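All chains are named by letter (A, B, ...) in the order of the sequence lines, taking the proteins before the strands, and each is independently numbered beginning at 1. Quick caveat, the model's predicted, so the values are computed rather than measured.
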Protein chains: 2
Amino acid sequence: MTPRSGPAPQLAARPKGRVRRQQESAILKAAERVFARTGFEGGTMTEIASLAGLPKANLHYYFRCKDELYRAVLDNILSLWLAETEVITIDADPASALSAYVAAKMRLSATRPDASRVFANEVIHGATRIGGFLRDELSSVVAQRALVIDQWASEGRIAPIDATHLFFTIWAATQTYADFESQVCAVLGKTRLGKADLVRASAHVTTVVLRSCGLPCAGAGPATPPLPSISH
Amino acid sequence: MTPRSGPAPQLAARPKGRVRRQQESAILKAAERVFARTGFEGGTMTEIASLAGLPKANLHYYFRCKDELYRAVLDNILSLWLAETEVITIDADPASALSAYVAAKMRLSATRPDASRVFANEVIHGATRIGGFLRDELSSVVAQRALVIDQWASEGRIAPIDATHLFFTIWAATQTYADFESQVCAVLGKTRLGKADLVRASAHVTTVVLRSCGLPCAGAGPATPPLPSISH
DNA sequence: ATGCAACTTGACGATCCAGTCAGGTTCCGA
DNA sequence: TCGGAACCTGACTGGATCGTCAAGTTGCAT
């Protein structure tokens, strides 16, 4: 995402040549796949190159070193993580907003599982490269949205709940279908997750989140009764 | 766990010399730490050796190759994953049983975070080495316990819920405090998780699970009202 | 068309790491 | 005490990988 300065002499060069843009994106795509499968240390430049269909030396033309390529992949991914929280606002209907957020996270797990895995891998190994992002951007977004949820609770629109930890739970419950897909598949006795499985998973997580907030959930069977109106 | 045959000529040798047992456990401990921090490909035998306080060649005396050492670490961990589900039985009180299970999983995340991380790493990268375990042991245990939960639901003792996916959610929500500790810390603005944080996390996850099953939870503030007695 | 910058690539160097081995030391039963 | 098994270890090897480089080819503005 940050303007990367290629190793070749590059002036101001905002335009970023047509070829460059195309090659970079092909490389990033291949790199995401490879890093997702074997982690940063396990994935090799040769492997990425062959998956992208070009010689290894060409990778080093666009990305100085392996670490720079890896960071570029991460940069690409981080922006995805912040998105979608904007549905959580004071004025929104809690049930709709939470459902929409869960659905968005599940969609991300379904459509970009490799991105999720690269991110997970980085965090498990200490998040040394993205510590700043987590401490600054992410934590402030969470703090902000947690306030909204607390507000909902104090107005009696949802049951009281630890808002910050609720985010941890939502992330964990949704990302598990990307990061731990092989475990989920093994337990379900399948070789890969089909669309039906993901729909079912999504419904389940939504149910869990809504019930956690004392909200009735539309889709899922005889639900918990609605909150007794506490105030107002 | 499986009787490993050392490279040195070893007859029946069940007794497994005092020294051997001690060294193996020291090596396994160091290996778990190293593999947790950088994954299988990232961790080096030299690093493990120095952490265990012995020369690298000695590692190869006890474990033929890196892969064998890694598998030994995994073996050591897998048994932990099956434990504790036995609290979930037809005759148990659903709320107590689920609380106990969540508490056990949280305790594992707190006391053996590196074990959790090694496991997570392996699963993310496709679980090629433990696919058998997941498909056989784990999936049968889950199927068994899911039946119990379904039974509870059909008796009206808990709200209907997708039992198998509930396990996925419980695992994800609890293990996130080990695997994604650095993310949790960053968002909470701490450098490491203290006892108080884990107690709070545990209470939160318990609340989420109990409310998901339509059960009132003792500890956590004004909870959802108890299930209206559906039958019996 | 022309010339320069952007791009491509095969071959190579330096480093690192898993695994080996031969020769040594310690343990332990008889 | 003695002897063999278990254990230890410094030095080495072969293979793999990142990154470089110099000699090309292609794209594009004038």
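- Between the base of C/dG19 and the side chain of B/Lys56 there is a donor-acceptor pair shorter than 3.5 Å.
- Between the CZ atom of A/Arg64 and the C1' atom of D/dC21 there is a distance of 16 Å, given to the nearest Å.
- Comparing D/dG19, C/dC7, C/dT8 against the side chain of A/Arg20 picks out C/dC7 as the nearest.
- Taking the six-membered ring for Trp and thresholds of 30 and 60 degrees, B/Phe168 and A/Tyr177 have ring planes more than 60 degrees apart, a perpendicular arrangement.
- When the side-chain nitrogen and oxygen atoms of A/Tyr62 are compared with OP1 and OP2 of C/dT8, one or more of them lie within a distance under 4.0 Å.
- Cation-pi check for B/Arg145 over B/Tyr101 is not met; the charged atom does not lie both under 6.0 angstrom from the ring centroid and within 45 degrees of its normal.
- Between A/Tyr61 and the phosphate of C/dC7, there is a side-chain N or O to OP1/OP2 separation shorter than 4.0 Å.
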* Asked: When you look at B/Met45 and B/Leu69, which way does the side chain to side chain contact (heavy atoms under 4.5 Å, CB included) test go after all the steps?
  -> CA-CA 10 Å; B/Met45 294 296 270; B/Leu69 173 55; 4.1 Å; yes

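- For A/Gln23, a side-chain nitrogen or oxygen approaches OP1 or OP2 of C/dT8 to under 4.0 Å.
- Rounded to whole Å, atom P of C/dC16 lies 14 Å from atom NZ of A/Lys66.
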* **Per-nucleotide protein contact string for nucleotides 22-30 of chain D, where B marks a base within reach and S marks sugar-phosphate only (heavy atoms under 4.0 Å, - for neither)** => -----SS--

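- Regarding B/Leu54, its CG atom lies at a distance of 9 Å from the C1' atom of D/dC8, rounded to whole Å.
- Put simply, NE2 on A/His60 is 5 Å from C1' on D/dG19, counting in whole angstrom units.
- Less than 4.0 Å separates DNA chain C from no heavy atom of any residue of residues 38-48 of chain A.
- In this structure, B/Asn58 atom CG and C/dC21 atom P are separated by 17 Å, rounded to whole Å.
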